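As structure tokens, the structure follows; a few thoughts come after it.
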Amino acid sequence: MAVNALYSHRDPMLKKRDDFEDILEERRNSSDLKYALRCYTPVLYKGVTPCTSSMLKSMVLQSDQLHYVINQVSKETGKATDDVKEEASAILEEMAQCLQLSTVRFFAFTLTKAFKTLFRSICVNEDGIQRLQQAIQEHPVVLLPSHRSYMDFLLMSYILYTYDVALPVIAAGMDFMGMKFVGEMLRMSGAFFIRRSFGGDKLYWALFSEYVKTMLKNGFAPVEFFLEGTRSRTSKSLTPKLGLLNIVMDPFLKGEVFDVNVVPVSISYERVLEETLYARELLGIPKPKESTSGLFKARKILSEDFGSIHVYFGQPVSVRSLAQGKVNRCQFNLVPRHIPRRPGEDIASFVNDSAYRLVRAQEENMVLKPWVLVASLLLQHHHQNQAAGQKRGIALGELTAQAVWLRDLSRQYGAFLHWPDHIPPSEVVSSSLTLHRGLVRVCEEKVQLAVEQAAGPAGPGPHSSVAPEEELLSQAVIILSCASYRNQALHVFVRPALLALAIHTASSNQKQEVFNSFSFLRNMFSNEFILCPGATVQDFEEACYLLVKTGALQFTQQEVQVTERGHRTLAFLSSMLDPFLQGYQVVCRFLCEEATETLIEKQFIPAVRKFIKKHLLAGRLRYMEVLSSDLQKNSLAALLRLGAVRKIKGVEQEMLKVNKVMVNSLEDTLGGKLPTPKAAVARL
Amino acid sequence: MASNSSSDRQRIAQQRLRIIAGHLQGPVDSDSTILAAECKAQGSKTDVSSERKTMPRRRQEILKWNGWGYSDTRFLFNKKGQAEFTGKRYRLSGMIIPALQNWFEGTFGASMQHKSPAMPILTSSAVQPPTLNEAFVDELKSTGIPFSHDAEDRVFRGHGHCLHEVFALREGKVGRVPDIVVWPNCHNDVVKIVELACKHNVCLIPYGGGTSVSSALECPPEETRCIVSLDTSQMNRILWIDEKNLTAHVEAGIVGQELERLLNESGYCTGHEPDSMEFSSLGGWVATRASGMKKNIYGNIEDLVVHVKMVTPQGVIEKGCQCPRMSTGPDIHHFIMGSEGTLGVVTEVTMKIRPMPEYQKYGSVVFPNFEQGVACLREVAKQRCAPASIRLMDNEQFKFGHALKPQVSSIFTSFLDGLKKFYITKFKGFDPDRLCVATLLFEGDREKVLQHEKQVYDIAAKFGGLAAGEDNGQRGYMLTFVIAYLRDLGMDYYVIGESFETSVPWDRVLDICWNVKARIIQECKDKGVQFSPLSTCRVTQTYDAGACVYFYFAFNYRGLSDPVHVYEQVEHAAREEILANGGSLSHHHGVGKLRKEWMRETISDVGMGMLKSVKNYVDPKNIFGNRNLI
């Protein structure tokens, strides 16, 4: 694909994509028990020093790193070193995995049963598996799957077991440990548990990082963790968390291993198990605490159809080649390597850049289903109709035609779209609608989102007593669920869409103006979407390239011109980002209008939510998506980053101090009422 | 007392003679394949006399012009395909080495059918005519100091023994070479030459043994002045020996083996034995900060030197006394040592000497793996009980050493070897593809040596080491002297290679070994080398705070259009890897021009400024213009 060629010249991680094989097919035709008991002999790292889980623990406790930190902690706290050692040992007990093949076999058996009822297929790119096998032999491997569901890591281990690949050890959040029995089961299938926050706890940090490094360096097993830190409730990739990536890159940077291979894995679900749970959570309906009984209750979902899963094992990325020319490893020569040190600025920015590249690599290989495009279109229609006061929905034929248009567009933009070309488009669209019947309603050949349905029959009747706020929330659940599917495609469109918005908001067609506007928007939204830090010019060029290639834009010497046929594309693209734009504006408005000079940080979300609900109910705001706490948090993070809001330490809690002038001007700039400030990089 | 000590000396000298005579008589014990003798080349029987052996001015009479070492000594594969070592100078000379061909073909994918022979003779037309500074030449003539501008003489002094230098010579390619070669006979001759050079603005490049592996002897191509190679080989006398203070005052052109031989006659030695000691000179050691194999007992060159005299454009620099240590500001010897010929010519050196050791014993220990071996060396260093020499070879080098076993004459020996192998691999469970061997050399009183030996073997045992006999140890040290000849053999069959070294803190030894070896393999692959390379290392010296590591690297270059360039890229990458892993730019080879680019990061901007300001003061006109180091 031409687009891939464009990427590949600057992004070596991207290559042509492989074909998929369905691993459930064989399971449906042969004995599950036999499968669970089959001979499992994975290829291991060539430099592996065979050791058991308990040997690992003692290696960690006896390491120079830990000795150093234990002595340090003992000096600082006045505790005896033996006591600190005991404490360390207890923490390690709580943390450590104890991978056992028998447990994995148990999971292999039960998961097969569950998967076969839940999913139509689980498709894996076998070439990727082969590359992984190879990588595991050569260097220590880190697996970085995308995180959309609790299932992700079980699914990963399941696939690796199926293909006879070394089973990983997985960094999991402590919350799983809350589930009695299940926590232990997960531990025996390779999970190790980390506390969600351990900010200043030196000992914990030392144990944790040493534990991970020891497993990695010895080639005990591939280390798996989620770069996004947590499950994305919105299906958008989350901005990467750097803690664990720092840890796994450290052995290479310090020369303790020759190289580390990092393998991004993209897991795409046609329907996420947690679909509505996520929407509720985003709307502030608290998530149930992980518990075994909760999991048990959730078994009713076994009767539903969740479509298929695509798992794409990406090209292994060598940390050595990532670091080539970016990091001077000599900086580690002057202090003994076991003494913990804060990474220098160049290391920090290297890890950050790498993290973004890796998340983008995950995004690139996410399989998109036709439904993702259909959902995007339906959402846009919903909002347009809502504005026009219509409630009729869109004709199926019209929807199909638009979906085909969008299919072609997204392919040109390099989307990894799984659209069955041998089936007539109308059937493709209808079968998508059938799978997601909870979200859409088809009536008299007209399709619309199932918002009214959720709110009960329209018009007067026994249900009209439902409070308007509750009705709003139940509609929002549908909208947010739908948006989560649209979000899957955002990474394909985000750069051209930002350009479309920029053209829309820029005060003139001057290329420089448009770039300034693009740069401003990109900066504003860099907590919302995966936009590699410092790559403004590249992103701008990529967006221009795509829009010019598809004939939507023309460039003259100085000016940017939208072509006749380009209007449709640009309209589509900018309305894709419109909810975000409005959302950020609303948050700004809230901070200007409602917030006092200082606001308790913890009260930000509830207060802004209330503010938004008010505006939605009054009809002053179109997009219910704005109710998403994810969007609210991201916009606050952006404002904090830009310095429009500052965090100050209050007496008991963190306070937010709002710079109203700045927030106000940001809001106006977003709305195109103020000219965008000159972009820092104007090299065009 | 005096008579007593002189009779002692006689006794030692006689014992020494007996030993040497014993070596020369050939095998006595039927069950020893290798004699307990020196590894380095020996002269014929008549050498035992105290006759002075001077390196001839026309070095090409006894040395190869386009390869390593003596002309009469080389490896070759005979018609039966068996490797043979020619000549009579070495223990291995005249022997058949049956396993070498297999190893060679197996390791490199080389074949006896594919030869890449060298140009047999130098065509003088390949050498540019000399740029002569007539006024300088005229005045030089009047001093009576011998000189030459013969093409062969000039070519011989225009190179060291880096791969690219030797490779070019084998292809008959000659770049910029010195225009004149002069042979001063003493310190005063050097003073005259330097004065004339300053007066007529000619460039001087000191030349000692010519064993540089840092491009230090290469003439800077941008040099437009007349280049004069100042060959110190004729300044090779021991001027005096001071037995009270155990020092000897020696002219700097003396070659290592000659210095030892002459001192031995008086019952002394310096104990300084760099691997190149057959050819390298005392002045060269000082100028490059050399290190000797037995530094654990005798120290490196900086420990051995008591007094140095160097002729610079500003005059002669030397200390005013011969004191063991001084607190008189920065030690000026440290401007001289490691100056690599950029400041002047070292003419005379007072060196520490020691009575010859009463007893020498080789030894070896086999370890199950390299990690254990390094751990053992670290422990030995910690306890400060390192023998005269202790070296740890990795698995590849262990196999290489085995391939160099000469033909076994007795069935009994091969039976014993087989038994040993069985014991180690089968009974002790050592993996033949992981085990590695440490070679040891003990020196001193017989009793102390035996005690020392026990101590070291006890430590080794704690790390899973098994004593593996004297033969293995000795063969290890023999390798040192013949390996350079082996490179020439490789080059006859499309295999090029080189060694390079570094020093590194103990905690990084293992990592640097793995990483550099892996980097070499990866770079070869990336650069299109068709065959897997030999990438191996050994730990050759131990210190309190770290070790010296030596890497060997060679590959079959068939299918490459510019093998030397590929080689240089790989070596460059390997050096970067060394530095990234906390290793030094050089432990003892020096910087020359080959490693200059990394000097700034090695010694900091201020450090560079210091060196440069010394150069500017001592040699403002850049008379010593070899452009090494800075």
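Proteins come first, then strands; the chains are lettered A, B, ... in the order of their sequence lines, and each starts at number 1. No experiment lies behind these values; they were computed from the predicted model shown.
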- Atom group of A:V327 that falls short of 4.5 Å from chain B, counting heavy atoms: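 The answer is neither part of A:V327.
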
- Closest heavy-atom pair and its distance - A:C330, B:L579: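 Heavy atoms only, the tightest pair is SG-O, 3.4 Å.
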
- Task: State, to 0.1 Å, how close B:R519 and A:F258 come at their nearest heavy-atom pair, and which atoms those are.
- Result: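 Scanning both residues completely, I find the closest heavy atoms to be N-CE1, 3.3 Å.
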
- Once you round to the nearest 0.5 Å, how far does OG of A:S318 lie from CD of B:Q522?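 Reported value, rounded in 0.5 Å steps: 6.5 Å.
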
Residues [X], [Y]: salt bridge by 4.0 Å N-O rule:
| X | Y | value |
| --- | --- | --- |
| B:D511 | A:R337 | yes |
| A:R320 | B:E577 | yes |
| B:E576 | A:R329 | no |

Tell me if the [atom1] atom of [X] is crowded by more than 12 foreign heavy atoms within 6.0 Å.
| X | atom1 | value |
| --- | --- | --- |
| B:M610 | CE | no |
| B:H565 | NE2 | no |
| A:E76 | CD | yes |

- Carefully, step by step, assess A:E256 and B:W514 under the rule side chain to side chain contact (heavy atoms under 4.5 Å, CB included). CA-CA 9 Å; A:E256 292 166 339; B:W514 298 141; over 6 Å; no

- Side chain of A:N333, backbone of B:N581: donor and acceptor closer than 3.5 Å?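 Such a contact is absent between A:N333 side chain and B:N581 backbone.
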
